[in-house]
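Report on one structure; see the data block that follows.
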Amino acid sequence: MRKKIIAGNWKMNKTPKEAADFCRMMKEKAGSETAEVVFCVPFVDLHPVLEELKGTGIGVGAQNLHFEDSGAYTGEVSAPMLKEMGVDYVILGHSERRQYFGETDESVNRKVKKALESGLIPILCCGETLEQREAGITIEWVRIQMKCGLAGVSAEDMKKVVIAYEPIWAIGTGKTATAQQAQEVCHAIREVLAELFGMEVAEEVRIQYGGSVNGKNAAELFAMADIDGGLVGGASLKEEFSDIVHFKK
Ligand code: PGA
């Protein structure tokens, strides 16, 4: 049985003080025995969030890293820096980073490998635009993103990776994919993982759905056979996140 993983993606929200206050308010509400819960926060919030969440069982993640350990990369943050702080997860290849910061499948792949090498768990994002969905190429597109993003990853390492399927048209729009639409693509992702890494590995990998997940739609989405939790943006900034964590089966 795959353990569900529900991660909040705060994006560029909350100052360090706001972050600490929010975690203090949420740490009891957002804890779960049955699901893994993670807060993925801006770099400057990592320290206060790690402090507040110590001993709660709630994991902490970053939203990006650089694929080199150190060097002349002004403004960047490396995997060993995150690891030493006590960070365990990192979102990689989010569509906003691909769209606004020029991330490519190639750079995302280098980051995935660096995260794994450094002992961080990558949450690797994929997903189609509305145009791609309307053109009927969603599955092909996501298969390519998986093949490129995971190139060179070993089967053993792959078991640790979390995949987040996030249709771009559903992110921040209030337009959630239906549970059937999300399941269809998550199933296709598991199929490509089976082709690349074998059935046993594919059955272990957690695949999240992301895109306007909220307290009302989480239960239906998370009940689907291939959906193992969610990557939650807007609703993770509010108390509502605890309704998502405690979705009713
Ligand atoms: P949303 O964002 O829940 O606000 O749609 C999801 C994400 O971008 O990870």
Side-chain angles (χ1 to χ4, degrees), residues 4-14 18-19 22 26 30 35-43 45-46 49 58-65 87-103 108 111-112 115 120-130 132-133 138 141-142 145-146 149 161-179 181-183 185-186 189 206-222 224 227-247:
K4 293 259 190 293
I5 175 163
I6 299 166
N9 172 13
W10 287 9
K11 310 192 180 186
M12 194 175 73
N13 291 291
K14 299 195 191 292
E18 288 166 353
F22 183 74
M26 289 296 283
E36 209 168 310
V37 179
V38 185
F39 287 8
C40 296
V41 308
F43 290 130
D45 294 344
L46 286 169
V49 167
I58 299 174
V60 178
Q63 301 170 7
N64 183 29
L65 53 69
V87 170
D88 287 320
Y89 303 81
V90 59
I91 297 174
L92 293 173
H94 190 280
S95 61
E96 286 151 17
R97 294 215 54 86
R98 295 178 193 256
Q99 188 181 348
Y100 306 130
F101 303 101
E103 296 232 9
V108 172
K111 291 176 182 204
V112 167
L120 294 166
I121 296 173
I123 300 177
L124 170 60
C125 303
C126 63
E128 81 288 1
T129 61
L130 186 58
Q132 289 168 326
R133 175 157 285 268
T138 296
W141 177 254
V142 170
Q145 286 185 312
M146 287 295 100
V161 177
V162 176
I163 305 294
Y165 165 58
E166 299 202 306
I168 295 170
W169 49 270
I171 295 178
T173 56
K175 263 194 251 161
T176 321
T178 64
Q181 283 173 325
Q183 162 60 22
V185 183
C186 291
I189 291 171
R206 273 103 46 96
I207 305 176
Q208 299 173 314
Y209 166 79
S212 300
V213 174
N214 60 38
K216 293 201 177 70
N217 59 28
E220 193 190 348
L221 287 159
F222 299 171
M224 303 310 283
I227 302 181
D228 307 309
L231 184 55
V232 185
S236 75
L237 298 167
K238 303 181 271 187
E239 234 182 299
E240 180 183 359
F241 189 59
S242 88
D243 298 338
I244 299 173
V245 168
H246 302 292
F247 68 96

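Each ligand, and each atom within it, is numbered from 1 in the order the structure gives.
Phe101 places none of its side-chain heavy atoms less than 4.5 Å from the side chain of Asn64. Using a 4.5 Å heavy-atom cutoff, the side chains of Val37 and Phe241 are in contact.
Taking the centre and axis of the six-membered ring of Phe22, the NZ or CZ atom of Lys14 falls inside the cone set by 45° and 6.0 Å.
In this structure, Trp10 and Phe39 have tilted ring planes: the angle between them lies in the 30° to 60° band.
Of the candidates Leu65, Val161, Ile123, Leu120, Leu65 is the only one forming a side chain to side chain contact (heavy atoms under 4.5 Å, CB included) with Leu92.
For ligand 1, the 4.0 Å heavy-atom shell takes in Asn9, Lys11, His94, Glu166, Ala170, Ile171, Gly172, Gly211, Ser212, Leu231, Val232, Gly233, Gly234, ordered by chain and residue number.
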Could you check Met12 against Gln63 for side chain to side chain contact (heavy atoms under 4.5 Å, CB included), going step by step and ending with a plain yes or no? CA-CA 10 Å; Met12 194 175 73; Gln63 301 170 7; 6.0 Å; no

